[in-house]
Each structure stands twice: as structure tokens, then as C-alpha cells.
Amino acid sequence: MKKLLPAIAAILAVVSCGRNKNQNNNEAAPEAPAVDESQIMEQVSQLPAEPVFDIVTNFGTIRVKLYENTPKHRDNFCKLALSGFYDGILFHRVINGFMIQTGDPLSKDPSMADRYGTGGPGYTIPAEFVPEYRHIKGALAAARRGDAANPMKESSGSQFYIVQDADACAQLDGEYTVFGETIDGIKTVDKIASVETDMRDRPVEDVRIVSVRLVTE
């Protein structure tokens with residue numbers, strides 16, 4: 001496993017997930033219902049400094065807390081979650097003993113299967129590396145394009161992964177922005193990580209985000 005870590009880490013880069021070298025790497029998403037972004041951002045501005053969300057999947061619920069000291073990533077996740085962006089999106093890449101990755105809007109469309117892992121909202125987020133935020137088990141971190149195309153290590157606008165094995169992901173500290181952590185539902189993370197996958201690390205049975213709900217209790 002250790003010998004494979006550099007290669008495995010590379011798959012977290014959004015572009016590296018594509019198999020067709022000639023494909024367009026611009027982040028494109030299927031058409032979605034229009035939302036009033038100003039209204040959504042007003043809601044985001046009223047949230048606690050470290051809001052909590054339930055990522056409800058067809059395999060169970062993962063409750064995550066977002067970190068105050070990564071405000072760009074926190075607010076972006078909140079905006080996407082409150083607008084329903086994540087509803088129906090698949091966990092398109094799963095590696096048992098490493099991490100589970102999701103957030104690509106292309107995964108809502110089966111006809112785009114060859115491009116899963118390349119989609120997003122059309123923008124990136126500046127890196128927010130905070131030394132104390134590490135790749136612990138259950139950590140929530142942003143995927144990104146590889147260093148050659150992305151020397152500033154900017155994050156994908158929507159794709160993220162959840163750490164399943166802290167030791168395997170330790171090498172990613174300071175390379176990928178960690179912006180939250182799982183506070184309940186780690187068994188669901190393990191359950192998703194253990195599903196059968198194909199040669200592209202894509203689950204054979206769809207693992208889908210049903211909704212991402214703000215926890216207000």
C-alpha cells in the first residue's frame with residue numbers, strides 16, 4: 001500500500017480522473033434549476049462560524065462540521081449545499097484504505113460517465129492550508145488539479161473527499177485543503193469505502209448523495 005501512495009494521491013486531482021487525453025478539461029456541469037445566489041449568500045452569512053451539515057447518502061448519513069479558519073471553502077460548501085447543488089451527485093471514486101470522493105455534477109448524468117471526475121461549477125478556490133487541520137480519519141478536504149497545471153494548489157469548486165484512512169492520507173497534509181471533519185457517521189464512510197469498485201475505482205453500485213442538509217438543532 002505505501003509504495004502506491006504517490007500514485008493514489010494523484011487521483012485526487014480533478015483532471016487526472018479523465019481517461020481521454022483529448023477531452024476538454026474545462027469544468028462543465030449539466031444544466032440545473034436557477035437559484036438566487038444573492039439570497040443563498042445572505043443565508044450563508046447568517047450561519048454559525050462552524051456550521052454542521054448532514055450529507056445524506058443512500059448508504060447512510062455523514063455529519064460534518066466545517067472549519068472557521070478556512071472561510072472560503074466553508075462558505076463555498078455552504079452555498080452549494082443550500083442551493084441543492086450536491087443533491088443527486090455520486091461518489092465517483094472510492095478507494096478502500098484511502099478516501100471516498102464526490103462533488104462532480106457530471107456524475108448526475110450517466111451519459112457523461114467517461115468524464116466523471118472532471119466536472120465542477122466552473123471556478124476554483126484559493127488554497128487555505130491551516131497546519132492544525134490534518135488528514136485525520138473523517139477529514140473533509142477539497143480535491144484539485146495536479147501541480148503541473150495548478151502550481152498554486154487551488155481547490156476544485158465542488159469536488160471533495162472524506163478521509164477513510166489517516167495513515168494513508170497523511171502525505172496529503174499541506175497539499176490539499178482540509179476544511180472540515182466528520183463528527184458522526186464514520187461507519188457510513190467505512191461502508192462506502194468498502195463497496196465493490198471497477199478498474200477506475202468507481203463503485204459498481206451507485207453511491208449517491210440524496211441531499212446535504214444544514215443541521216440547526
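Under the 4.5 Å side-chain heavy-atom criterion for grouping Ile, Leu, Val, Met, Phe, Trp and Tyr, Leu80 is connected to Ile55 within one hydrophobic cluster. When the side chains of ILVMFWY residues are joined at heavy-atom separations under 4.5 Å, either directly or via intervening members, Ile125 and Leu47 end up in a single hydrophobic cluster. In terms of hydrophobic clustering, with Ile, Leu, Val, Met, Phe, Trp and Tyr side chains grouped at heavy-atom distances under 4.5 Å, Tyr86 and Met41 are assigned to a common cluster. Connection of Val64 to Ile209 is established within a shared hydrophobic cluster, with ILVMFWY side chains joined at heavy-atom distances below 4.5 Å, either directly or through further cluster members.
With rounding to the nearest 0.5 Å, the separation of NE2 in His92 from CG in Asp206 is 13.0 Å. Between the OG1 atom of Thr61 and the NZ atom of Lys187 there is a distance of 14.0 Å, given to the nearest 0.5 Å. In this structure, Asp87 CG and Arg213 CZ are separated by 9.0 Å, a value rounded to the nearest 0.5 Å. Here the CD atom belonging to Gln39 is positioned 10.5 Å from the CG atom belonging to Leu82, to the nearest 0.5 angstrom. Summarising the geometry, atom CD belonging to Gln46 is positioned 9.5 Å from atom CD belonging to Gln43; distances are rounded to the nearest 0.5 Å. Rounding to the nearest 0.5 angstrom, the gap separating the CD1 atom in Ile192 from the CD1 atom in Ile100 is 4.0 Å.
Counting heavy atoms from C-beta outward, Pro105 and Ser158 have side chains that approach closer than 4.5 Å. Side-chain contact between Leu140 and Leu66 is present, with heavy atoms from C-beta onward closer than 4.5 Å. Put simply, the side chain of Asn58 reaches to within 4.5 Å of the side chain of Val207, judged on heavy atoms. Annotation: side chain of Pro126 is not in contact with side chain of Met152 (no heavy-atom distance under 4.5 Å). Using a 4.5 Å cut-off on side-chain heavy atoms (C-beta onward), Gln159 and Thr102 make no contact. Using a 4.5 Å heavy-atom threshold, the side chains of Glu196 and Pro203 count as separate. Two residues are said to be in side-chain contact when any heavy atoms from C-beta on lie closer than 4.5 Å; Val52 and Ile183 meet this criterion.
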Start with the C-alpha gap between Val94 and Gln101, add the side-chain angles, then the distance that decides, and say whether side chain to side chain contact (heavy atoms under 4.5 Å, CB included) holds. CA-CA 6 Å; Val94 168; Gln101 184 172 340; over 6 Å; no
Working for side chain to side chain contact (heavy atoms under 4.5 Å, CB included), residues Val163 and Ile136: CA-CA 7 Å; Val163 173; Ile136 60 174; over 6 Å; no
Could you go through the side chain to side chain contact (heavy atoms under 4.5 Å, CB included) check for Val189 and Ile62 one step at a time? CA-CA 7 Å; Val189 175; Ile62 305 166; 3.8 Å; yes
For Arg63 and Val215, what are the C-alpha separation, side-chain angles and deciding distance, and is it a side chain to side chain contact (heavy atoms under 4.5 Å, CB included)? CA-CA 9 Å; Arg63 179 165 291 187; Val215 177; 3.7 Å; yes
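Around atom NZ of Lys79, more than 12 heavy atoms belonging to other residues, nucleotides or ligands sit under 6.0 Å away. Shown here is Glu37, whose CD atom has no more than 12 heavy atoms of other residues, nucleotides or ligands within 6.0 Å. Dense packing is recorded around CD of Glu132, with more than 12 heavy atoms of other residues, nucleotides or ligands lying under 6.0 Å away.
Tested against Lys137 for a side-chain hydrogen bond (donor to acceptor under 3.5 Å, both in side chains), the candidates Asp190, Thr182, Asp165 yield a single pass: Asp190. Under the ring pair (Phe, Tyr, Trp, His ring centres under 6.0 Å) test applied with Phe160, the options Phe77, Phe85, Phe53 reduce to a single match, Phe77. Considering Tyr176, Phe179, Phe129 in turn, Phe179 is the only one that fulfils the ring pair (Phe, Tyr, Trp, His ring centres under 6.0 Å) rule with His73.
Judged purely by atom type and a 3.5 angstrom limit, Asp198 uses its side chain to pair as donor or acceptor with the backbone of Arg200. In this structure, the side chain of Thr57 engages the main chain of Phe59 through a donor-acceptor pair within 3.5 Å. A donor-acceptor pair under 3.5 Å links the side-chain atoms of Asp109 to the main chain of Ser111, judged by distance alone. Checking side-chain atoms of Asp104 against main-chain N and O of Gly119 turns up a donor-acceptor pair under 3.5 Å. Between the side chain of Arg144 and the main chain of Glu175, a donor-acceptor pair closer than 3.5 Å is present. Without hydrogens or angle criteria, Lys108 side chain to Leu90 main chain gives no donor-acceptor distance under 3.5 Å. No donor-acceptor pair under 3.5 Å is formed between the side chain of Glu154 and the backbone N or O of Ala127. A distance-only check finds a donor-acceptor pair linking the side chain of Thr177 to the backbone of Glu128 [under 3.5 Å].
Here Tyr133 sits in one hydrophobic cluster together with Tyr67, Val130, Val178; the rule is ILVMFWY side chains under 4.5 Å apart, joined directly or through other members.
Closest heavy-atom contact between Pro51 and Cys78: CG-SG, 3.7 Å. Pairing each heavy atom of Asp173 with each of Arg134, the nearest pair is OD2-NH2, 3.0 Å. Summarising the geometry of Ser38 relative to Asp36, their closest heavy-atom pair is OG-OD1, 2.6 Å, with the distance given to 0.1 Å.
Using a 30° and 60° split on the angle between ring planes, Tyr161 and His135 fall in the parallel class, below 30°.
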